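Single-structure report; data block below.
Quantities reported herein were computed from a predicted structural model and do not represent experimental measurements.
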Amino acid sequence: MIAGHDRQVEQFRGAWDSRALHHAWLLAGPRGVGKAHFARLAAVRLLAEAAGPVFEAPRLDTPEDHSTAKLVRAGSHPDLRLIERIENPKKPGTLFRDILVDQIRDVAAFLSLSPALSDWRVVVIDSADELAPAGANALLKMLEEPPPNTVFFVVSHAPGRLLPTIRSRCRRLQFDPLPDDAMTSVLAEQLPETSAAERERLIPLADGSAARALAFASLDLGPIEEKAASILRDGDADNSKRSALAGELGRKTAADRYSAFLDLLPSLVAREARTLADPKRERALDAYQRVRELTATAPRLSLDPAATVFQLGGILASVAGPRRP
């Protein structure tokens, strides 16, 4: 199932159905809106139709019992390569920071062979933003001299940072944040045990990213969100609220919740700002800019989580008004 991207589906299906298919597709847009999911569905559909048997299914769907779908689920389809960051054996449980250049070189070796089950092959790069310079150059060489009947799906969350020559070799499909109705559909499918009210609460925080909403749900961020909203609405004259929040999110065991808190906080402030009248609204808009800057820089600079949360709490408290003497 894919929700909210009808135009992208129609563009790809039209190209594939006419066999006027560009060899490389740049799937560009914010994180978590379904780009990689689209690439996987399109890859399976293409390979299934190319190999047969003939089937009827809408959009990019492929029957689960089709032999191609079974092979892809098992990770053993000989004509598909999915390239993403892999686990670092020296640090079990963690991934390498980049896609390794050897992974891209393996794709070149894969493309030197003849397809196994049909005339077509597919390579999915998820994501090109995680290619080191050597890997990006190796990918570019393949895009410049593509073998026949080979399709690349190149996922990017920040296409402006890619090599211009990579962008120029690809047909671009732009993916925008999911509208609320698509978010509702995706969350209902992915979180069937979660109440409808809780799913609806996640939507405005996720900024059209289903992946963000699912991450927030898995980390039980509701209580954290309420504590932050309380500081924003009512202030924190004695610093007790922000101190408690900093203590909760500053623990080493809370790293995932801290990261998610940084991710959701700008959306929370923006949502609250829309409900306020001046002068609180003006202060909220100022707080939004300050929160965005701090939540963006804190991970890059490895700022202390507890101190960062405490500082963010002070910014939230400023919306309620200056402290009384």
Within 6.0 Å of [atom1] in [X], more than 12 heavy atoms from elsewhere:
{"X": "Arg292", "atom1": "CZ", "answer": "no"}
{"X": "Gln11", "atom1": "CD", "answer": "yes"}
{"X": "Arg161", "atom1": "CZ", "answer": "no"}

So do the side chains of [X] and [Y] get within less than 4.5 Å of each other, counting heavy atoms only?
{"X": "Pro266", "Y": "Thr295", "answer": "yes"}
{"X": "Leu268", "Y": "Leu205", "answer": "yes"}
{"X": "Ile125", "Y": "Ile104", "answer": "yes"}
{"X": "Thr184", "Y": "Arg199", "answer": "no"}
{"X": "Leu46", "Y": "Val122", "answer": "yes"}
{"X": "Asp129", "Y": "Leu162", "answer": "yes"}
{"X": "Arg274", "Y": "Arg271", "answer": "yes"}
{"X": "Glu56", "Y": "Pro63", "answer": "no"}

Is it the case that [X] and [Y] place a side-chain donor and acceptor less than 3.5 Å from each other?
{"X": "Glu87", "Y": "Thr94", "result": "no"}
{"X": "His5", "Y": "Lys35", "result": "no"}
{"X": "Trp120", "Y": "Glu49", "result": "no"}
{"X": "Gln174", "Y": "Arg172", "result": "yes"}
{"X": "Asp238", "Y": "Ser240", "result": "yes"}

Pick one: which of Arg281, Lys280, Arg233 meets salt bridge (charged side-chain N to carboxylate O under 4.0 Å, His left out) with Glu272?
-> Arg233
Salt bridge [X]-[Y], side-chain N to carboxylate O under 4.0 Å:
{"X": "Asp278", "Y": "Arg283", "result": "no"}
{"X": "Arg242", "Y": "Asp236", "result": "yes"}
{"X": "Lys70", "Y": "Glu64", "result": "no"}
{"X": "Asp207", "Y": "Arg212", "result": "yes"}
{"X": "Glu84", "Y": "Arg40", "result": "yes"}
{"X": "Arg59", "Y": "Glu10", "result": "no"}

Assess the pair [X] and [Y]: is the distance between their ring centroids shorter than 6.0 Å?
{"X": "Phe55", "Y": "His66", "value": "yes"}
{"X": "Phe152", "Y": "Trp25", "value": "no"}
{"X": "Phe216", "Y": "Phe261", "value": "no"}

Any chance you could measure [X], atom [atom1], to [Y], atom [atom2], to the nearest 0.5 Å?
{"X": "Arg31", "Y": "Ser156", "atom1": "CZ", "atom2": "OG", "answer": "9.5 Å"}
{"X": "Asp61", "Y": "Leu41", "atom1": "CG", "atom2": "CG", "answer": "7.0 Å"}
{"X": "Glu144", "Y": "Leu139", "atom1": "CD", "atom2": "CG", "answer": "10.0 Å"}
{"X": "Leu143", "Y": "Thr150", "atom1": "CG", "atom2": "OG1", "answer": "11.0 Å"}

Begin from the C-alpha positions of Ile83 and Asp126 and carry the test side-chain contact (heavy atoms from CB on, under 4.5 Å) through to its verdict.
-> CA-CA 6 Å; Ile83 306 301; Asp126 183 20; over 6 Å; no
